[in-house]
Amino acid sequence: MPVRQMKESSEQHIVIKTNLHNSKNASAPSSEQNHTHTSLQPRNKGRRRGRGGRKSDQEEILMRSCTVTTTSSSSNGNVGFPSSSRSLNFATRPGFGTVGTKCIVKANHFFAQLPDKDLNQYDVTITPEVSSRTVNRSIIAELVRLYKDSDLGMRLPAYDGRKSLYTAGQLPFSSKDFMIKLIDQEDGLNCPKRVKEYRVVIKFVAKANLHHLGKFLAGKRADAPQEALQILDIVLRELSTKRYCPIGRSFFSPDIRKPQRLGEGLESWCGFYQSIRPTQMGLSLNIDMASAAFIEPLPVVEFVGQLLGKDVLSRPLSDADRIKVKKGLRGVKVEVTHRGSVRRKYRVSGLTSQPTRELVFPVDENSTMKSVVEYFQEMYGFTIQYTHLPCLQVGNQKKANYLPMEACKIVEGQRYTKRLNEKQITSLLKVTCQRPRDRENDILQTVQHNAYDQDPYAKEFGINISEKPASVEARILPAPWLKYHESGKEKNCLPHVGQWNMMNKKMINGMTVNRWACINFSRGLQDSVARTFCNDLAHMCQISGMEFNLEPVIPIYNAKPEQVEKALKHVYQVSTNKTKGKELELLLAILPDNNGSLYGDLKRICETDLGIISQCCLTKHVFKISKQYLANVSLKINVKMGGRNTVLLDAVSYRIPLVSDIPTIIFGADVTHPENGEDTSPSIAAVVASQDWPEVTKYAGLVCAQAHRQELIQDLYKTWHDPVRGTVSGGMIRDLLISYRKATGQKPLRIIFYRDGVSEGQFYQVLLYELDAIRKACASLEPNYQPPVTFIIVQKRHHTRLFPNNHRDRSSTDKSGNILPGTVVDTKICHPTEFDFYLCSHAGIQGTSRPAHYHVLWDENNFTADGIQSLTNNLCYTYARCTRSVSIVPPAYYAHLAAFRARFYMEPEMQENGSTADGGNSSHSSKGTTTRAAGECGVKPLPALKDNVKRVMFYC
């Protein structure tokens, strides 16, 4: 991706003199001492406001605050936190939205009455120390069974499985020791039981302040009492933890719904998610349905057969098979089946390289050797039939034991945490994809089945849960008018239920493609079919408003997928020679439907080596040519070439509040992390920014690799020492601001920053670090340059779902039965005091729509609720790749695509395995892109994008 070189940009520094300094927030993170001109003080209130702004001298509202201690930046140019501790206040709700058609929706939130009992926390120490939560829970359960009526004073405690025990009311002691004997239940019915003894020390820690929680829920306190919320959450999870298999905040069981096979030894389990949340209506229990992949509890031999997809009973495993089986079974818990009622459990550590019949081991100090086959026959009377199969290795490397595969069965209830293949993902999606009515019914049945009114722990702590879902007032925001080219029959378009099409319309800025070529990597595709497809696509581009040469520079070139680099360089060279040195503008590539690493290799070579814009098409679409598909591909090609497909009519008419009044730049940012099981791969950060105003439709992007699972974007701003020039400034924000100035001829006087992928627990840290980086980047261009910033978190990975109030009312649902696009909620289920809202901006296709959750953490532009909600909803209609509104705001969507694309740019040995269809991502920079401090954090820099690639939205 644009690899950001450690050089100062050749662009002249932006010089901005502005008094547009206004802030609603009471305090802000400041820059480090050597950037004193970037301190974030409240701004004066003299700036004019658009219709989406609000007065900043409103009645004062208490704001949540947090003190964060940070370290200053180091001399090698890595941006650090401010050196001082500051109180950071999130933006408070400026009021509630009023725009749109009012309606009622149901939410999967269930009112929870606040208990009136004292909540007490106790520290638990178990000796010898136990790492398993399950064993810890068994120990405490035995303690409660023995001592509840005596030493515990009739209290029924809730336990988190680790170090904390909670009670409603105090125990009769402040500290007490208990000796607990636990019988090993794995030893079978007719065998001597092994008894283990544990010392348990319970010691009083503190009382939780429920009065504080009540004031917070009433909006009279700013900071949420996390300890009280955590206790209530643990209490409500206690019974489900005993009944089901707990995974994170969800519970799974094969009894909730019959498991469905996913293939290769996996099956899907259904379950439910549960979390207590503070909302405007008080405490709310959020319940949602969940599904996950589990390892099927099969005999190991049968599991291996499924994993390999062939019969393993009659022939030895190949080396490749053995490696696959070893990866599939490593870390899996198995139980023995050859000892009758004794079902000892072991965790698989490996697989023997030899078949069972060849394995021998010493049985005494004289190194007398005995074969595994003989040992099992003599010791257990168990005859090993499949001696050609390897044995499982259990235990540690120093003392590994051998277990024949046929003597083992996989223990039930083990979640599969590695990457699923395409077929497994498809099978799992079929299970999880539920129509809104069905999902709502399942949620209601889950609440009834959990019977919280009969839950002994809920009773003990005085928690009452309603069985009725919350009815919430919502509004349906109007769709925006879209502007198309004047030469088309339809110059303006009003989308209907989140959709429209390109019929009778022309792209507002159609680009020209004179020099293009096509490579066919699909062996089964005839030249005539490929030619017909290319010709139809070229015609569609013309119809849509582009100038597109119908003839390629050279005939369609057929190539083998394994020779992708050779083929690309050949086509590039031949085409360049044919055009007398003029470079190819576009490369079409026809890929097999299952193309492995071909897509990623092609994108990496084209964008970082040859400098060619490419468009990939799968064979199945080439064979079955549809006008809709061709129209969508033409949209992608146009924006990749630097064009615009459509713009908001209000944008070009200068009618968008707090965007159209002064030059405004809109950022999107995201960090994607490696799949589970990838312990060393870097995380990829991406930032995109609008490059046109007033249209705010084109986005340039930058990416960088950073430390494994690092959520803070490290390369937003940085400085380093140059031997000649001294301290040099750089970073993604700075480069994108310069790029904006170069593209528009104007300086951004307002910043709107949409940040994707941040969990609630990271809000403070991300805001403090990244807002500070934005400030430093601005100040590095000119000391007084501090445009006001609005910083918004975008969340899709939450469990709030909104359902129509009446599923039979077709006027209140889309075709899929979901709520209508534009549905916004900022009451009742939202935060008691902070500035957040749920927005379902898209029409459902299948399953239940997931609204995006937007949380405005920082707002110096003084947006009203209507202003930011309408802007966000309207931007969702400007996504370049289709004629539908999308589920999250496009800059955040583009940042995700950019980060996804960057994984293909890593060295092949660093890449994760997997295939892809035609997706994309982005990066753009004045000089290229590097990873931050590659040498310092051990992350290898990404290769640089070619100049002609990084100037356009090639990631679409």
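This structure is a prediction, so every number in the text was calculated from the model and none was measured.
- Looking at I139 and V200, their side chains come closer than 4.5 Å, going by heavy atoms from C-beta outward.
- Between K106 and E440, at least one side-chain N (NZ, or NE/NH1/NH2) sits under 4.0 Å from a carboxylate O, which counts as a salt bridge.
- Here the straight-line distance linking atom OG1 of T872 with atom CD1 of I888 works out to 11.5 Å at 0.5 Å rounding.
- Atom-to-atom distance recorded for N873:CG and I476:CD1 is 11.0 Å, nearest 0.5 angstrom.
- A salt bridge links E711 to R755: one of the charged nitrogens lies within less than 4.0 Å of a carboxylate oxygen.
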(request) Carefully, step by step, assess N818 and C840 under the rule side-chain contact (heavy atoms from CB on, under 4.5 Å). (result) CA-CA 10 Å; N818 279 288; C840 182; over 6 Å; no

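- Ion pairing of D826 with R475 is present here, as a side-chain N (NZ or NE/NH1/NH2) and a carboxylate O approach within less than 4.0 Å.
- Here the side chains of K176 and D151 are in contact, with some heavy-atom distance below 4.5 Å.
- Looking at L152 and T167, their side chains never come closer than 4.5 Å, going by heavy atoms from C-beta outward.
- A donor and an acceptor atom, one from each side chain of S683 and Q710, are nowhere located under 3.5 Å apart.
- In the model, H799 has a side-chain atom that pairs as donor or acceptor with a side-chain atom of D288 under 3.5 Å.
- Contact check for K117 versus F461: no side-chain heavy atoms found under the 4.5 Å cut-off.
- Two rings, from Y244 and F272, have their centers less than 6.0 Å apart.
- The number of heavy-atom neighbours closer than 6.0 Å to CZ of R243, taken from other residues, nucleotides and ligands shown, is above 12.
- Note on D160 versus R133: no salt bridge recorded, every NZ/NE/NH1/NH2 to OD/OE distance being 4.0 Å or above.
- Using a cut-off of 4.0 Å between Lys/Arg side-chain N and Asp/Glu carboxylate O, E860 and R775 are scored as salt-bridged.
- Using a cutoff of 4.0 Å between basic side-chain nitrogens and carboxylate oxygens, D455 and K459 are not scored as salt-bridged.
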(message) One pair to check against side-chain contact (heavy atoms from CB on, under 4.5 Å): F753 and I774. What are the steps and the verdict?
(response) CA-CA 10 Å; F753 197 96; I774 294 169; 3.6 Å; yes

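- Taking a cutoff of 4.0 Å between a charged side-chain nitrogen and a carboxylate oxygen, E834 and R93 do not qualify as a salt bridge.
- I140 has its side chain out of reach of I180: every pair of non-hydrogen atoms, C-beta onward, lies at least 4.5 Å apart.
- Between F178 and Y147, the two ring planes are tilted [angle within 30° to 60°].
- The closest side-chain heavy-atom distance from F763 to F90 is below 4.5 Å.
- The structure places CG of N464 at 15.5 Å from CZ of F110, a figure rounded to the nearest 0.5 Å.
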(request) Start with the C-alpha gap between D123 and T125, add the side-chain angles, then the distance that decides, and say whether side-chain contact (heavy atoms from CB on, under 4.5 Å) holds. (result) CA-CA 7 Å; D123 180 73; T125 303; 3.3 Å; yes

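- Side chain to side chain, H109 and R277 fail the donor-acceptor criterion of an N or O pair below 3.5 Å.
- N286 and S275 share no side-chain donor-acceptor pair at under 3.5 Å.
- Of the candidates Y838, F837, F835, H853 forms a ring-ring contact (aromatic ring centres under 6.0 Å, His included) with just one, namely Y838.
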(message) Pair I104, E473 - check side-chain contact (heavy atoms from CB on, under 4.5 Å), show working.
(response) CA-CA 5 Å; I104 300 294; E473 290 185 2; 3.9 Å; yes

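- Of the charged side-chain nitrogens involved, at least one lies within less than 4.0 Å of a carboxylate oxygen, so that D118 and K207 count as a salt-bridged pair.
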(request) Output, in order, the C-alpha distance, side-chain angles, deciding distance and verdict of ring pair (Phe, Tyr, Trp, His ring centres under 6.0 Å) for F216 and H831. (result) CA-CA 10 Å; F216 169 74; H831 194 278; 5.5 Å; yes

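- In this structure, R145 pairs ionically with E142, as a charged nitrogen and a carboxylate oxygen lie closer than 4.0 Å.
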